[in-house]
Amino acid sequence: QVQLAESGGGLVQAGGSLRLSCAASGSVFSINTMGWYRQTPGKQRELVAVIPSAGDTNYADSVKGRFTISRDNAKNTVYLQMNSLKPEDTAVYYCNADSVIGIGKRFNYWGQGTQVTVSS
């Protein structure tokens, strides 16, 4: 079992920056890809950025060039540096961890979410 704890959300003005953190605990040895998703009322949850244990990162087109995802495997923590924030970025941001135990045993874990509000 994996537990995810997000932090770093808040209220910022357009053009500002925030840095989200997500610390994983529990069966961290099983974690492969970690990522950030976001959701606003009336919309389905969408992928923001993902970062595998090894390999290239991937970003939604809407955040490319502004957001940077990184991870510290020693600390079992994934980060999302958000720059040049826009009001459209306002959402609840969720940390995600993709875990694999054995062959074909894949599990997906979610954090509780952290609110990011960008004012115009």
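What you are looking at is a predicted structure, and each value in this text was computed from that prediction instead of being measured. In this chain, numbering begins with 1 at the start of the sequence shown. All values below were derived from every heavy atom in this structure, side-chain atoms included, with hydrogens, water molecules and symmetry-related copies excluded.
- Heavy atoms only, all atoms of each residue included: A49 and I69 are closest at O-CD1, 3.6 Å.
- Residue Q115 qualifies as enclosed at atom CD: its count of foreign heavy atoms under 6.0 Å is above 12.
- We find the CD-SG distance between Q112 and C22 to be 11.0 Å, quoted to the nearest 0.5 Å.
- Of the listed residues (T114, T90, V63, V116), just one forms a side chain to side chain contact (heavy atoms under 4.5 Å, CB included) with R38, and that residue is V63.
- Linking ILVMFWY side-chain heavy atoms closer than 4.5 Å, directly or via other members, places Y37 and L85 in two distinct hydrophobic clusters.
- Nearest heavy atom pair, residue A91 against residue T40, reads CB-CG2, 3.4 Å.
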* **Evaluation steps, side chain to side chain contact (heavy atoms under 4.5 Å, CB included), between Q81 and S17** => CA-CA 7 Å; Q81 179 65 48; S17 299; 4.0 Å; yes
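- Contact annotation: the side chain of W36 approaches that of L20 to within less than 4.5 Å [non-hydrogen atoms, C-beta and beyond].
- Across V50, T68, L47, a single residue satisfies side chain to side chain contact (heavy atoms under 4.5 Å, CB included) together with Y59, and that is T68.
- The shortest side-chain heavy-atom distance between R66 and K86 falls under the 4.5 Å cut-off.
- Across every non-hydrogen atom of C95 and E6, the tightest pair is N-OE2, 2.8 Å.
- Taking 4.5 Å as the limit, some side-chain heavy atom of Y94 sits within range of a side-chain heavy atom of Q39.
- Hydrophobic clustering, with ILVMFWY side chains joined whenever heavy atoms are under 4.5 angstrom apart, groups V12 together with L80.
- Under the 4.5 Å side-chain criterion, counting only non-hydrogen atoms from C-beta, V2 is in contact with I31.
- Side-chain contact between Y109 and S99: present, with at least one pair of heavy atoms (C-beta onward) separated by less than 4.5 Å.
- Rounded to the nearest 0.5 Å, atoms CD (Q3) and CG (N76) are 11.5 Å apart.
- When atom types are taken as modelled, the side chain of S27 and the backbone of Q1 share a donor-acceptor pair closer than 3.5 angstrom.
- Between D61 and K64 there is a salt bridge, with a side-chain nitrogen of the basic residue lying less than 4.0 Å from a carboxylate oxygen of the acidic one.
- A heavy-atom distance below 4.5 Å is found between the side chains of R71 and S53.
- The side-chain heavy atoms of N83 and F67, taken from C-beta on, include no pair separated by under 4.5 Å.
- The closest side-chain donor-acceptor pair between R106 and N108, if any, does not fall under 3.5 angstrom.
- Nearest heavy-atom pair across L4 and A24 is CD2-CB, 3.6 Å.
- Rounded to the nearest 0.5 angstrom, I101 CD1 and N32 CG are separated by 12.0 Å.
- Of all the heavy atoms in P87 and A14, the pair that sits closest is CD-CB, 4.1 Å.
- At least one side-chain heavy atom of Y93 sits under 4.5 Å from a side-chain heavy atom of V48.
- The hydrophobic cluster containing F107 also contains V28, counting ILVMFWY residues as joined when their side-chain heavy atoms lie under 4.5 angstrom apart, directly or transitively.
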